[in-house]
Protein chains: 2
Amino acid sequence: MARKYIDNPNACSLVHTMNIIGNKWKPIILYLLSNGSMRFGMLNTLIPTISKKVLTNQLKELENDGLLLRQSFAEIPPRVEYSLTEKAVGLLPVLKMLSDWANDAYPEMKFEQCRIIENGKKLAYNNVYKN
Amino acid sequence: MARKYIDNPNACSLVHTMNIIGNKWKPIILYLLSNGSMRFGMLNTLIPTISKKVLTNQLKELENDGLLLRQSFAEIPPRVEYSLTEKAVGLLPVLKMLSDWANDAYPEMKFEQCRIIENGKKLAYNNVYKN
DNA sequence: AATAGTGGTAACCCAAAAGTAACTAATGGC
DNA sequence: GCCATTAGTTACTTTTGGGTTACCACTATT
């Protein structure tokens, strides 16, 4: 009687990956931070539809999972910089592949080019997220 | 005054990808089906912790997004076979990279090897999911 | 004296996702 | 005549994720 093997050596780690980044906001956060470190308020501005509470929460979880580095400066008003860890940097090419896949698999969707411009101090990215 | 560009040409398609596969069950379903087509009951058995209602739902969504092919045979008792579309096959290497990344980034987790064995007709995979 | 600016937190609410248990249709086998 | 079998569905409950508003601490600026 023949044996049939169903082999998923990767299913469990895949589940883990999805637990870490498979939600509404985290891939975007990682993508934004791939441009370099960024302050909390900047992230909040660049993702205008996220609430502060949720952004705080996502950042905390990403930090706990070792994907983000959080640097808090003792200044007034406060300044907190978030940046990617090595782990997270290793994930970027895969995220790129995921988005490339979508562009390829759903050409009819013509995904927007999310180019966001900061001009000078604050006004420019204000302009952008107002649009 | 220097302009600073924050470029995410991929953010939107990435969001789309996450909407399609970024949840608890879908990557596992795709991974299981990468071994070939499979019946509803088999999927239900191999993912013992999913409820039938949710499995039905996930399969329906995957089918609607063009990742799964559903073949229903007019037999009694009913037989329904699910298999991957070309789109989904194109996604497999990326899923592989995601799981490889987790294995690499979290070596301390020592993810289980999810090897599931079907022996003959039914008993074997019964044995497996009972464990 | 008042206000703006920053990175949060606390209390509360809501909708969507997921889980549970019972039920169905149609047939073959006992 | 009765049960097992399969791929669901239905109705109901629970859990989760996310959203909203208000508030705080501390200082520089007006």
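Listed by first and then second residue, the ring pair (Phe, Tyr, Trp, His ring centres under 6.0 Å) pairs that reach into residues 35-83 of chain B come to none, sequence neighbours excluded. Applying the salt bridge (charged side-chain N to carboxylate O under 4.0 Å, His left out) test to residues at least two apart or on different chains, the pairs with a partner in residues 21-41 of chain B are B:Lys26-B:Glu61. Screening residues 66-94 of chain A for salt bridge (charged side-chain N to carboxylate O under 4.0 Å, His left out) gives A:Glu75-A:Arg79, A:Arg79-A:Glu81 as the qualifying pairs, with residues at least two apart or on separate chains.
Summarising the geometry, atom CD1 belonging to B:Ile28 is positioned 7.0 Å from atom OG1 belonging to B:Thr49; distances are rounded to the nearest 0.5 Å. Taking CG from B:Leu32 and CD1 from B:Ile47, the interatomic distance works out to 5.0 Å, rounded to the nearest 0.5 Å.
The nearest whole Å value for the distance from the CG atom in B:Leu55 to the C1' atom in C:dT20 is 15 Å. In this entry the distance linking CG of A:Asn44 with C1' of C:dG8 reads 11 Å, nearest Å. Distance, A:Leu43 CG to C:dT6 P: 14 Å, rounded to whole Å. Atoms CE (A:Met38) and P (C:dG7) sit 13 Å apart, rounded to a whole Å. With rounding to whole Å, A:Phe40 atom CZ is found 6 Å from C:dG7 atom C1'. Taking atom CZ of A:Arg39 as the reference point, atom P of C:dG5 lies 12 Å away to the nearest angstrom. Rounded to an integer number of Å, the gap from CD of B:Glu63 to C1' of D:dA7 is 14 Å. In this entry the distance linking CD of B:Glu61 with C1' of C:dA18 reads 12 Å, nearest Å.
Among residues two or more places apart in sequence or in another chain, the ring pair (Phe, Tyr, Trp, His ring centres under 6.0 Å) test is passed with B:Tyr106 by A:His16, B:Trp101. Partners of A:Leu92 under the side-chain contact (heavy atoms from CB on, under 4.5 Å) rule, at least two apart in sequence or in another chain, are A:Ser34, A:Leu84, A:Leu95. For A:Val94, the side-chain contact (heavy atoms from CB on, under 4.5 Å) test picks out A:Leu91, B:Val94, B:Met97, B:Leu98, with sequence neighbours left out.
Within residues 68-81 of chain B, the residues that place at least one heavy atom under 4.0 Å from DNA chain C are, in residue-number order, B:Ile76.
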Less than 3.5 Å apart, which donor and acceptor atoms pair up between the side chains of residues 50-60 of chain A and the rest of the protein, not counting sequence neighbours?
residue	atom	partner	partner atom	Å
A:Ser51	OG	A:Val54	N	3.4
A:Thr56	OG1	A:Lys52	O	2.7
A:Gln58	OE1	A:Asn23	ND2	2.7

Once each nucleotide of nucleotides 11-20 of chain D is scored for protein heavy atoms under 4.0 Å, what B/S/- sequence comes out, 5' to 3'?
B------BBB
